[in-house]
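Let me begin by presenting the structure, written as structure tokens, before commenting on it.
Counting from 1, the numbers follow the sequence of the chain as shown. Basis for what follows: all heavy atoms, side chains included, without hydrogens, waters or symmetry-related copies.
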Amino acid sequence: MNGLCSPFNRSPYHLYTSLMLRAVQTAAPIAARLSLPAHGIERAYEYGGLTTGPGGGFTPVTGGDHAALREHCPALVWPAHLTGQAWDGGAEAWEEPLFQARATHVLTDLRTRHHGQDRVALVTHHDFAGALIRAALGWAVTATPPTFHLAHLGTAQLDLPADSRVGGLEWLNR
């Protein structure tokens with residue numbers, strides 16, 4: 001295998017992306033190469049969400065709307081419950097339990113949508129990807145969680161049983 005598919009043992013059947021601009025921009029060539037729609041997931045954003053400052057400590061900022069983000073990724077499928085409105089930007093307090101709960105919600109949502117041998121790719125962000133991996137591995141929430149050192153455009157392959165059992169980390173930064 002070559003090109004954008006090279007990090008995957010097998011190409012995904014489904015593609016999801018955070019609604020933050022940089023993730024949507026990253027999802028665009030992947031969606032084009034794999035001929036897949038890029039389904040937006042509003043809760044897959046980076047820690048703290050969109051604000052005017054670092055760590056979610058400043059004024060919340062509204063995210064883009066479907067038309068604006070589709071300019072960057074024509075394959076973007078907007079979440080149905082947000083039809084006609086912009087994404088709220090997800091601004092949140094900078095608290096690890098909130099991030100872990102959100103990661104668990106995203107994993108539960110993906111497990112509900114896709115069962116068995118379905119292969120799913122999610123374009124998300126560094127810190128949130130770590131929370132997803134910890135949630136998938138069943139690690140307890142701590143104030144200072146272990147950090148996965150993901151390369152820019154890092155990839156990870158997780159085995160996520162559909163029944164919410166603990167999964168496995170197959171590879172990281174391949």
Roughly how far, to the nearest 0.5 Å, is the [atom2] atom of [Y] from the [atom1] atom of [X]?
X: Trp87; Y: Leu50; atom1: CH2; atom2: CG; answer: 4.5 Å
X: His39; Y: Leu15; atom1: NE2; atom2: CG; answer: 8.0 Å
X: Ile41; Y: Thr17; atom1: CD1; atom2: OG1; answer: 8.5 Å
X: Thr83; Y: Asp65; atom1: OG1; atom2: CG; answer: 11.5 Å
X: Leu36; Y: Ile30; atom1: CG; atom2: CD1; answer: 10.0 Å
X: Leu107; Y: Thr112; atom1: CG; atom2: OG1; answer: 10.5 Å

- Message: Is any side-chain heavy atom of His125 closer than 4.5 Å to one of Tyr47?
- Response: no

Can any side-chain N or O of [X] pair as donor or acceptor with the backbone N or O of [Y] at less than 3.5 Å?
X: Arg70; Y: Trp78; result: no
X: Arg43; Y: Arg102; result: no
X: Glu42; Y: Leu19; result: no
X: Glu46; Y: His126; result: yes
X: Thr51; Y: Ala91; result: no
X: His66; Y: Leu76; result: yes
X: Thr59; Y: Thr52; result: no

Are [X] and [Y] in one and the same hydrophobic cluster, where Ile, Leu, Val, Met, Phe, Trp and Tyr link if side-chain heavy atoms are under 4.5 Å apart?
X: Val123; Y: Val24; result: no
X: Val61; Y: Phe128; result: no
X: Trp139; Y: Val141; result: no
X: Tyr45; Y: Leu132; result: no
X: Leu21; Y: Leu82; result: yes

Between [X] and [Y], what is the shortest heavy-atom contact and its length?
X: Leu98; Y: Ala93; answer: CD1-O, 3.7 Å
X: Ala31; Y: Ala38; answer: CB-CB, 4.3 Å
X: Ala135; Y: Thr104; answer: CB-OG1, 3.7 Å
X: Ala28; Y: Cys73; answer: CA-SG, 3.6 Å

The side-chain contact (heavy atoms from CB on, under 4.5 Å) partners of His14 (sequence neighbours excluded) come to Tyr16, His114, Asp118, Val120

Between Phe99 and Trp94, how do the two ring planes meet: parallel, tilted or perpendicular, split at 30° and 60°? perpendicular

